[in-house]
Amino acid sequence: MTVLYFAQTRRLAGLASETLALSSPVNAEALWNEILARHPALAPLRSVTRLARNGEFTTVDTVFAPGDEIALIPPVSGG
Amino acid sequence: MTVLYFAQTRRLAGLASETLALSSPVNAEALWNEILARHPALAPLRSVTRLARNGEFTTVDTVFAPGDEIALIPPVSGG
Amino acid sequence: MQLQIHIGPEPIVRPQPAPVIDAGVGALAEFTGLARGEENGASIGGLIYEAYQPMAEREIARIVTKLCGARPVLGVRVVHRLGRVPVGEAAIYVAVVAKHRAEAFALLAGFMDLLKQDVPIWKTDTF
Amino acid sequence: MQLQIHIGPEPIVRPQPAPVIDAGVGALAEFTGLARGEENGASIGGLIYEAYQPMAEREIARIVTKLCGARPVLGVRVVHRLGRVPVGEAAIYVAVVAKHRAEAFALLAGFMDLLKQDVPIWKTDTF
């Protein structure tokens, strides 16, 4: 699984992307736990950051599979 | 007094402007009567046509003086 | 419905210089009204406009001033064409610059509504 | 507030070719968002934008498609700049063409609201 970090999440994680070796699909809770274990500095952003899976916003039911491209989407500010 | 006719009022009156020789100030009712006496074809437009005096829309209280420039403003359709 | 999207690093070629550009301008909203190829169901080559010109300019100024009382904006430009306007060409162009988009959009839409109500300009014929 | 008015017979120099011009287009509404010279009260030279680009393009398409369901329009163009955007230059340009102005204005304003909510583009820094 590839995880992409943008904007504040990129700055706080200190990297733009990384690979997570998942052995099986996980839900959002488990994915967040893995991400926060690697990057505790992201904890304050969790409540305002949405997860995208393969380029689409996820829902509470989304399952994240080992081959997915995941992105952390902190509050956007385009335009 | 100069009277300007625009759009449908110009077409129905058959002219773009004319001079009315008023001896004293008149109200809108008297002015309309004078105009309609000259151009009966304008009667159907009276209810939808506003009068401007010296470039500004008039009210029911406006008095029209001999030196004024009057314009008949049928429903506008700019833009 | 056609949709074109481009996201990239190139400078955006701006339509034309905005009416006022200073460091406080964050929003430029523009409206162009074009002559359409049909009028009352019939195919036409264009529209013909006439105006009571000095009054039209005064009314436009009055409307903008009135609307700007409620929604401060930084600049407004209004251009209206008279005479023959062929299909596909612009009859009116209005630009509004403001600090934020909300006031620019509000002024632009409000202005067009009042223009079509109070400004002595007429579509008098088609060709 | 500056106001410029021109009413006359000259062809209006249109900002740029509209996204779709056919004989049914009566309205072109455009929005340009410009980098302002201050951010949180501090004077700046410009803004820096980044995007999750493929998702941003897909989200823009999704938003436009959704909004066009309610308000049919004839064409939409969206351009967003990335990287450094100096003060006074455009960060975003959106154009909507439609038969009438009401649907063009509604789509333009609605699109900008949703862009600022859902499209993964960020102002990440100033310079």
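Everything numeric here is computed off the predicted structure, so don't read it as measured data.
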Flag the pair V63(A) / V26(A) as yes when at least one side-chain heavy-atom distance between them is below 4.5 Å, and no otherwise. no
**Report entry** Test item: I92(D) and L34(D) side chains (from C-beta on) under 4.5 Å apart, heavy atoms
**Finding:** no
When the 4.5 angstrom heavy-atom criterion is applied to P75(A) and chain D, the contacting part is backbone
Pairs of donor and acceptor atoms, chain A with chain D, under 3.5 Å:
unit_1, atom_1, unit_2, atom_2, d
A7(A), N, E50(D), OE2, 2.7
R10(A), NE, E50(D), OE1, 3.3
R10(A), NH2, E50(D), OE1, 2.1
R11(A), NH1, T124(D), O, 2.8
R50(A), NH1, D118(D), OD1, 2.9
R50(A), NH2, Q117(D), O, 2.7
R50(A), NH2, D118(D), OD1, 3.3
N54(A), O, R58(D), NH1, 3.0
G55(A), O, R58(D), NH1, 3.1
E69(A), OE2, Y52(D), OH, 2.5
P74(A), O, W122(D), NE1, 3.0
P75(A), O, W122(D), NE1, 3.2
S77(A), N, I121(D), O, 2.9
S77(A), OG, K123(D), N, 2.8
G78(A), N, I121(D), O, 3.2
G78(A), O, K116(D), NZ, 3.1
G79(A), N, H80(D), NE2, 2.8
G79(A), O, Y49(D), OH, 2.9

Tested for side chain to side chain contact (heavy atoms under 4.5 Å, CB included) against V119(D), the lone hit among I63(D), V78(D), L114(D) is I63(D)
Turns out that what part of P54(D) lies under 4.5 Å from chain A's heavy atoms comes down to neither
Separation between CD1 (I73(A)) and CG (L51(A)), nearest 0.5 Å, reads 8.5 Å
Shortest non-hydrogen pair, L107(D) vs C68(D), comes out as CD1-SG, 3.4 Å
Residues L28(D) and A95(D): closest non-hydrogen pair is CD1-CB, 4.1 Å
Applying ring-ring contact (aromatic ring centres under 6.0 Å, His included) to F64(A) and not counting sequence neighbours gives none
